[in-house]
Amino acid sequence: MNKKLGNIFKGDKVVWMVFFFLCIISIVEVFSASSGLTYKGGNYLAPIIKHFLILAVGVFFMVVTLNIKCKYFKIATPILLILSIITLVWVYAVGPSTNDAQRWISFLGIQFQPSELAKGTMVLATAQILSAMQTNDGADKHAMKFILIVCAIIIPLIGAENLSTAALLCVVIFLMMVIGRVPAQQLGKLIGVVVILCVTVIAMVMFLGKDIKQEDNKNNLTEQIAQTEEEKEGSRSKGVLHRFDTWKSRIDKFLDDKEVAPNEVDLDKDAQVAHANIAIVSSNIIGKGPGNSVERDFLSQAFSDFIYAIIIEELGIAGAFFVAMLYIILLFRTGRIANRCENNFPAFLAMGLALLLVTQALFNMCVAVGLAPVTGQPLPLISKGGTSSIINCIYIGAILSVSRSAKKNITLDNNEMKTATVAV
C-alpha cells in the first residue's frame with residue numbers, strides 16, 4: 001500500500017504538504033465564501049462541488065506533469081510559445097469581454113484564459129535561454145537580448161488587456177535573470193528603461209484616461225459576464241485605450257489618502273475595499289471561525305480576488321500568517337531543490353514557477369489588506385477558479401518533477417562516494 005502511494009506522491013514531500021494544506025484551505029474557504037453563488041444558483045453544494053472537481057482535475061494533471069522528465073519540457077517550449085501567441089491574439093480579437101477586458105476564449109465548450117498558459121511558457125523560455133547561455137562567469141551578455149525578444153512578443157499581448165498580470169510576469173522574469181547571473185550592468189540599464197516606460201505609461205493613463213465611477217459591488221473581475229453583441233463591438237472598437245479609464249480610476253483610488261469617516265464611505269462606489277476592510281477589522285484578531293463570515297454576503301469576489309480578506313475574518317491573524325507562510329515555505333523549499341540540481345535548466349524552471357506563484361499570492365494579499373491597488377489577481381491554489389487552478393497545479397507538478405531528478409542526482413552522488421570509499 002505504501003509503495004502504491006509512493007508511486008503517486010512522487011517528488012519532494014514538503015512541496016506536497018504545502019500543496020495539500022493550500023487545497024484544504026481552498027475547499028473550506030471557497031465553500032464559506034460562495035454564498036453569493038449559492039443564492040444565485042439555488043444550490044448550496046453546487047459551487048463547492050464544481051470547485052472540488054476542478055481541483056481533482058488539477059491534481060490529475062499535476063501527477064501527469066511530475067512524471068514527465070525535464071528534458072521534455074524543453075521540447076514543449078517552442079510549441080507552447082506558438083500556442084500562446086495564437087491564443088492571446090485570438091482572445092484579443094474575438095474573446096468575450098469581461099469588464100471591458102477580453103481575457104477569455106471558449107474552445108469545445110471550455111472557457112480558457114490564455115494569459116495563464118503564456119505565463120508558464122515565458123518562464124519555460126526564460127529558463128531555457130538562461131541555461132543554454134550560462135558560462136563560468138554567469139550568463140552570456142547576449143542572453144538578455146534573447147529574453148527581451150521573447151518578452152516583446154508575449155508580454156504586450158497580455159498587458160493590453162491584463163496589465164497587472166503582465167507587470168507581475170515582468171517582475172518574475174527579472175528575478176529569474178538575477179538568479180541566472182545576467183551581468184549587473186545590463187540589469188541596471190534594464191531597470192532604467194523600465195522606469196522610463198512606467199512613467200510614460202502612467203502619464204498617458206492619467207492624461208488620456210477618464211475618471212469613471214465603478215460599482216465595485218457589481219463588478220466581477222475574473223468571471224465572464226454576458227454582454228450584448230453591440231456592447232462587445234463597442235468595447236473592441238476602442239482598442240487598448242478603453243482600459244485607460246479603469247486603470248486611471250484604480251490609480252486615483254489607491255493614491256487618494258484622504259481619510260473618510262466610516263459613515264461617509266460610499267458602499268456602492270467602494271464596496272470591495274470597504275467590505276474587505278470590514279472583514280479584516282471584524283475578525284477581532286482571533287477570527288470568527290470557519291464558515292462564520294458575514295462580509296462574504298456583501299463582498300464581491302469573496303471566493304476569488306478577495307478570499308484572503310475572508311480568511312482573515314474567519315481564521316484571524318494566525319490563519320492569515322499560516323497561509324502566507326505556506327507560500328514562503330514553497331519558495332524556500334523550491335530554492336533548496338534548485339540548489340541540488342546538477343543542470344541549470346531544471347533549477348531555473350523550478351525557481352521561475354515558484355516565483356510566479358508566490359509573487360501573485362503576495363500581491364493578492366497586499367490588495368486584500370489595502371497595500372496595493374485593486375486588480376483581478378486571484379490567490380493561487382486557494383481562490384475559486386477554472387483553468388487558472390488547473391494550470392497552477394501543473395506548475396506544482398513541474399516543480400515536483402524537478403525535485404525528483406534533483407533527488408536522484410543526490411542519490412547517485414552518494415552512491416559514487418560510498419563506492420570510492422570502499423575502493424580506498
Side-chain angles (χ1 to χ4, degrees), residues 5-6 8-30 55 58-59 61-63 65-66 70 119-120 123 127 168-169 171-172 175-176 178-179 287 290 307-312 314-341 346-369 371-372 377-385 388-410:
L5 289 175
I8 297 175
F9 299 103
K10 298 176 182 177
D12 189 84
K13 297 299 184 289
V14 175
V15 174
W16 268 108
M17 189 177 299
V18 169
F19 176 77
F20 173 76
F21 278 119
L22 289 174
C23 286
I24 293 297
I25 294 170
S26 175
I27 292 171
V28 172
E29 292 303 320
V30 167
L55 285 178
V59 171
F61 281 106
M62 183 177 72
V63 172
T65 304
L66 71 86
C70 287
K119 288 192 300 183
V123 170
L168 288 175
L169 181 58
V171 171
V172 171
L175 292 175
M176 289 183 68
V178 173
I179 295 172
I307 196 169
Y308 193 63
I310 303 301
I311 290 173
I312 297 175
E314 295 189 347
L315 304 181
I317 300 301
F321 178 77
F322 179 72
V323 171
M325 283 305 300
L326 287 175
Y327 291 104
I328 300 300
I329 292 171
L330 174 64
L331 181 61
F332 278 90
R333 189 64 183 182
T334 305
R336 290 193 60 182
I337 293 170
N339 194 45
R340 296 204 310 261
C341 292
F348 293 148
L349 175 61
M351 283 305 301
L353 294 176
L355 287 168
L356 196 61
L357 293 170
V358 174
T359 52
Q360 181 176 328
L362 294 179
F363 189 78
N364 174 278
M365 295 174 192
C366 288
V367 169
V369 299
L371 296 178
Q377 295 297 326
L379 190 58
L381 300 171
I382 290 183
S383 292
K384 182 180 183 298
S388 61
S389 296
I390 295 173
I391 291 178
N392 286 334
C393 289
I394 292 174
Y395 294 162
I396 296 293
I399 294 173
L400 289 170
S401 174
V402 172
S403 72
R404 289 183 61 204
S405 61
K407 186 177 180 180
K408 287 182 179 180
N409 290 336
I410 293 295

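- Here I337 contributes atom CD1 and S401 contributes atom OG; the two are 10.5 Å apart, rounded to the nearest 0.5 Å.
- Closest approach of V18 and L326 over heavy atoms only: CG1-O, 3.4 Å.
- Atom CG in N392 sits 6.5 Å away from atom NZ in K119 (nearest 0.5 Å).
- Summarising the geometry of M62 relative to I396, their closest heavy-atom pair is SD-CG2, 3.5 Å, with the distance given to 0.1 Å.
- Using modelled atom types, no side-chain atom of S26 and backbone atom of L22 make a donor-acceptor pair closer than 3.5 Å.
- Between C23 and L381, the closest side-chain pair of non-hydrogen atoms is not below 4.5 Å.
- With hydrogens and angles disregarded, no donor-acceptor distance shorter than 3.5 Å links the side chain of N364 to the backbone of Q360.
- Counting only distance, with no hydrogens or angles, the side chain of T65 and the backbone of F61 share a donor-acceptor pair below 3.5 Å.
- Looking at Y308, its side chain does come within 3.5 Å of a backbone N or O of A320 through a donor-acceptor pair.
- Looking at W16 and L66, their side chains come closer than 4.5 Å, going by heavy atoms from C-beta outward.
- Closest non-hydrogen pair, E29 versus I307, comes out as CB-CD1, 4.0 Å.
- Between atom CE of residue M365 and atom CD1 of residue I311 there is a gap of 7.5 Å, rounded to the nearest 0.5 Å.
- Atom CE of residue M325 and atom CZ of residue F21 lie 13.0 Å apart, to the nearest 0.5 angstrom.
- Between the CG atom in L357 and the CG atom in L362 there is a gap of 11.0 Å [rounded to 0.5 Å].
- For the atom pair CD1 of I179 and CG of L175, the computed distance is 6.5 Å after rounding to the nearest 0.5 Å.
- The minimum heavy-atom distance linking F348 with A127 is given by the pair CB-CB, 3.7 Å.
- Between the side chain of Y395 and the backbone N or O of G120 there is at least one donor-acceptor pair closer than 3.5 Å.
- Within the 4.5 Å cutoff, side-chain heavy atoms of L169 are placed close to those of L356.
- When all heavy atoms are compared, the tightest approach of L400 to K10 is CD2-O, 4.1 Å.
- A donor-acceptor pair is defined here as one N or O able to donate and one able to accept, closer than 3.5 Å; such a pair exists between the side chain of S403 and the backbone of D12.
- Residues V14 and F332 are not in side-chain contact: their nearest non-hydrogen atoms beyond the backbone lie 4.5 Å or more apart.
- Shortest non-hydrogen contact noted between S405 and C70 is OG-SG, 4.2 Å.
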Worked verdict on I312 versus V369 for side chain to side chain contact (heavy atoms under 4.5 Å, CB included): CA-CA 10 Å; I312 297 175; V369 299; 4.0 Å; yes
